[in-house]
2 protein chains.
Amino acid sequence: MSDTASLRPAARRPGRPSDALAGCLVHDLRGKLRQAGLRPTRQRVALGWLLFGKGHRHVTAERLYEEAGSARVPVSLATVYNTLHQFTEAGLLREIAVDGAKTYFDTNLSAHHHFLEDGGDTLVDIPAGQIELGRLPEPPPGMVIERVDVVVRLRRA
Amino acid sequence: MSDTASLRPAARRPGRPSDALAGCLVHDLRGKLRQAGLRPTRQRVALGWLLFGKGHRHVTAERLYEEAGSARVPVSLATVYNTLHQFTEAGLLREIAVDGAKTYFDTNLSAHHHFLEDGGDTLVDIPAGQIELGRLPEPPPGMVIERVDVVVRLRRA
DNA sequence: TTACGTGCAAATAATTTGCAGTCCC
DNA sequence: GGGACTGCAAATTATTTGCACGTAA
């Protein structure tokens, strides 16, 4: 049984390009993983599907674990953590630490920033270009700027 | 204002200004705590002393706990956590979450941002004005911007 | 086949909490 | 004296690790 079939068993019908894309996406995903030096195992493909299957998202390990469970793709929490970090190292994800304990992983790799809603629970993208850094400070000697993260904290009006 | 005076007192005498200053600083600190609705207990005054006694700083709970031990002011780690949070709620400190597990507390309340050195260990202030946010994005409806945090991640060149 | 992955449970790490005893006002 | 504060140790929460077994190439 192929992963494709198990994950997206929809019938092929004209007028719905998503079916064709679905197969394509999984195929791409496997290629992506392989290129990153990661063996495309069932779990990695499944988690990759959940992560990259429907637009950009922010997830915590816990959340992805629950989703995997709901999607009838049982993986252990440890594997979710491992996979998320492997994806991050492979440049497929970005790790963002906004507050306190939880670590979020962002599938959006392009330069952009975040809104943090008051409880610290929800993270929302700020479209690139909507925020503008005038000039950056000079880094201390011997250091280079790797990345700039902006978090806009929100409060209910 | 008075903060400036209490934080950066000029030396009044060659020799041992520390006694007079100590009284003054401690006195201010007690007043500060009282104004914030916090009873100026021995531990709070001692921790306040370590925090506010010598210029702005970034500390983790763990670090402050060690310092307190070194300064012959034994407090429990739990009390350090409690105190830091109480100070934060009282507006005496600012909590900054830059990465992963550790939470830093910043005694500098003015608008400013941070450099984060690569390991995520050291946090350095970026003087206000050295960084410039062009324009801020519009917050989602029903929300207002409370604060903007910028973290500039550094890597060894 | 065989090294790489995975699951599980136990180990860490940072932080919080419950409660008996202590100290400030 | 009385209620706020503290210390300790146990509880939580988020995450990591060690190791036997499973599986993709």
Side-chain angles (χ1 to χ4, degrees), chain A residues 1-4 6 26-27 29-48 58-66 68-69 72-90 93 95-105 119-121 123, chain B residues 26-27 29-48 58-66 68-69 73-90 93 95-105 119-121 123:
Chain A
M1 131 175 99
S2 83
D3 288 324
T4 308
S6 68
V26 169
H27 184 267
L29 194 51
R30 295 176 73 92
K32 222 182 201 176
L33 292 176
R34 217 180 294 267
Q35 278 179 17
L38 296 172
R39 194 187 281 176
T41 63
R42 192 181 306 125
Q43 291 83 335
R44 297 216 262 236
V45 172
L47 293 178
H58 307 110
V59 274
T60 60
E62 202 82 29
R63 184 125 198 58
L64 186 58
Y65 174 62
E66 288 165 15
R72 289 175 282 127
V73 185
V75 288
S76 74
L77 185 54
T79 297
V80 172
Y81 274 105
N82 288 336
T83 303
L84 284 171
H85 285 136
Q86 287 154 358
F87 281 15
T88 301
E89 260 175 60
L93 289 178
E95 203 171 345
I96 47 187
V98 282
D99 210 55
K102 289 171 201 162
T103 305
Y104 285 80
F105 293 86
D121 278 353
L123 207 56
Chain B
V26 169
H27 184 267
L29 195 49
R30 296 175 72 92
K32 221 182 199 176
L33 292 176
R34 216 179 295 266
Q35 279 180 15
L38 297 171
R39 194 186 281 178
T41 63
R42 190 179 308 126
Q43 291 84 337
R44 298 217 261 235
V45 173
L47 293 177
H58 307 110
V59 273
T60 59
E62 203 82 30
R63 184 125 198 58
L64 185 58
Y65 174 61
E66 288 164 13
V73 185
V75 289
S76 72
L77 184 55
T79 296
V80 172
Y81 275 105
N82 288 336
T83 303
L84 284 172
H85 285 136
Q86 287 155 357
F87 281 15
T88 301
E89 259 174 60
L93 289 178
E95 202 171 346
I96 47 187
V98 283
D99 211 55
K102 289 172 201 160
T103 305
Y104 285 80
F105 292 86
D121 278 354
L123 207 56

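A, B, ... follow the sequence lines: proteins, then strands. Residue 1 opens every chain.
- Straight-line distance from the CD atom of Gln43(B) to the C1' atom of dC5(D): 8 Å, rounded to whole Å.
- If you measure from atom CG of Leu84(A) to atom C1' of dT16(D), you get 13 Å, rounded to the nearest angstrom.
- A 4.5 Å side-chain heavy-atom check between Leu77(B) and Glu62(B) finds at least one atom pair inside the cut-off.
- Considering only side-chain N and O atoms, Thr41(B) lies under 4.0 angstrom from the phosphate OP1 or OP2 of dT6(D).
- In this structure, CZ of Arg63(A) is placed 18 Å from P of dT13(D), rounded to the nearest angstrom.
- For the pair Arg34(B) and dC25(C), the criterion of a side-chain N or O lying under 4.0 Å from OP1 or OP2 is met.
- Taking for each of Arg39(B) and Ser76(B) the nucleotide of DNA chain D with the nearest heavy atom, the 5'-most of the two is the partner of Arg39(B).
- Side-chain contact check for Gln43(A) versus Thr83(A): every heavy-atom pair is 4.5 Å or farther apart.
- In this structure, Arg44(A) does not reach the dC4(C) phosphate: none of its side-chain N or O atoms is under 4.0 Å from OP1 or OP2.
- Phosphate proximity of dT15(C) to Tyr81(B): present, with a side-chain N or O under 4.0 Å from OP1 or OP2.
- Distances were taken from every side-chain heavy atom of His85(A) (C-beta onward) to each of dT15(C), dT16(D), dT17(D); the shortest belongs to dT16(D).
- If Thr79(B) and Glu62(A) are placed on DNA chain D by their nearest nucleotide, the residue sitting closer to the 5' end is Thr79(B).
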